[in-house]
Amino acid sequence: MSEIKSIGPERASDCIRKHIEDLILEGSLRPGEQLLPEREMAARLNTSRPTLRDALRALEAAGLLIKEGRTVKVARLGTKSITDPLLKMLSDHREVADDYLEFRDVVESSAAAMAAERANAPEIKRIEDCVARIEAAHDTGSPADEVDADAELHIAIYEASHNLVLLQIMRALAENLRTDILYNRQRLFTVPDVRDVLRDQHLAIARAIIERQPDAARSAAHEHLDYLRRAIREVHETQVKLELSLRRRDSGGLSALKG
């Protein structure tokens, strides 16, 4: 947490509240992140503990912070209102899943281009670290590690876009993003060489951002999401045809002759 200048007693808690709120909005304090202990945080912010407590209480009342025992964490903002209904729709309706991938295509293509233009040195370093994680997970063949590295890269790109609205909306969808990635990978692993294709696509997106090539970053992100949409449709269509063939063979399980 960054330091702020010492402030006087008048409305001091409001200044502290606003500072912490700004850190949450800009993404410096992330959903689920635990804050420093009260004594250390008060010293870091050059304020008294009673003033800090007032600010924290106001942030808890606003739903920005949550208290768990003696620890204080950043709330997972937007998760309940955005993610839960979307998760249900995605699980119930295949066509909505396709719409979601189309939405991701629009958003992530633009985010990748913005990141290529706007990313600073620490953000480029984080993207490079994500690339290393993706390659390591691919080499070890760990699906869970691949999903985590994949999702982390997407979030890093949103942060590097320096668009706070885009970042906060996609952060709220982050858990759904991870679920979506896992679900897609499970279905796509039936396609030969798909793990290599997905790795190469993510590396292409990251490389274009690192090399400051907005058009290439946009194109690479679009190619990745377009591939996912086409491949998942093909897997689904194959499954539908198989299920139809099995029903025909068994007369839907309702024929006396095949009972």
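Just so you know, these numbers use all the heavy atoms, side chains as well, and skip hydrogens, waters and symmetry mates.
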- salt bridge (Lys or Arg N to Asp or Glu O under 4.0 Å) assessment of Lys18 paired with Asp22: CA-CA 6 Å; Lys18 179 65 165 54; Asp22 288 345; 3.0 Å; yes
- Task: Would you check, one step at a time, whether the test salt bridge (Lys or Arg N to Asp or Glu O under 4.0 Å) holds for Glu117 with Arg212?
- Result: CA-CA 6 Å; Glu117 294 177 332; Arg212 306 290 187 181; over 6 Å; no
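Between the CZ atom of Arg11 and the CZ atom of Arg17 there is a distance of 8.0 Å, given to the nearest 0.5 Å. The structure places OG1 of Thr51 at 11.0 Å from CG of Leu45, a figure rounded to the nearest 0.5 Å. Here the straight-line distance linking atom CD1 of Ile24 with atom CG of Leu59 works out to 6.0 Å at 0.5 Å rounding.
Using a 30° and 60° split on the angle between ring planes, His202 and His154 fall in the perpendicular class, above 60°.
Of the N and O atoms on the side chains of Glu123 and His162, at least one donor lies less than 3.5 Å from an acceptor on the other residue.
Closest heavy-atom contact between Val74 and Leu65: CA-CD2, 3.9 Å. Nearest approach of Leu166 to Ser161, heavy atoms of both residues: CD2-OG, 4.1 Å. When every heavy atom of Ala160 is checked against every heavy atom of Arg118, the shortest pair comes out as O-CB, 3.8 Å. Heavy-atom minimum distance, Ala115 versus Ile157: CB-O, 3.9 Å. Ser13 and Ala55 make their closest contact through O-CB, 3.4 Å (heavy atoms, listed as atom of the first residue, atom of the second, distance). Nearest heavy-atom pair across Met170 and Ile155 is O-CD1, 4.2 Å.
At a threshold of 4.5 Å between non-hydrogen side-chain atoms, the residues Val72 and Gln34 do not count as touching. A 4.5 Å side-chain heavy-atom check between Phe103 and Leu225 finds every atom pair outside the cut-off. The side-chain heavy atoms of Glu146 and Arg195, taken from C-beta on, include a pair separated by under 4.5 Å. Inter-residue side-chain proximity for Arg104 and Leu101 is flagged as met; some heavy-atom pair is nearer than 4.5 Å. At a threshold of 4.5 Å between non-hydrogen side-chain atoms, the residues Leu56 and Ile20 count as touching.
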Pairs of donor and acceptor atoms involving the side chains of residues 126-141, under 3.5 Å and at least two apart or interchain, shall be tabulated with distances.
residue, atom, partner, partner atom, Å
Arg126, NE, Glu152, OE2, 3.2
Arg126, NH1, Glu159, OE1, 2.3
Arg126, NH1, Glu159, OE2, 3.2
Arg126, NH2, Glu152, OE2, 2.1
Asp129, OD1, Lys125, NZ, 2.9
Asp129, OD2, Lys125, NZ, 3.1
His138, ND1, Arg199, NH1, 3.3
His138, NE2, Asp196, OD1, 2.7
Thr140, OG1, Ala136, O, 3.2
Thr140, OG1, Ala137, O, 3.1

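With respect to Lys73 and Glu33, no salt bridge is recorded, no charged nitrogen being found less than 4.0 Å from a carboxylate O. Between Asp226 and Arg229 no salt bridge is recorded (no basic side-chain N to carboxylate O distance below 4.0 Å).
A donor-acceptor pair under 3.5 Å links the side-chain atoms of Ser110 to the main chain of Val106, judged by distance alone.
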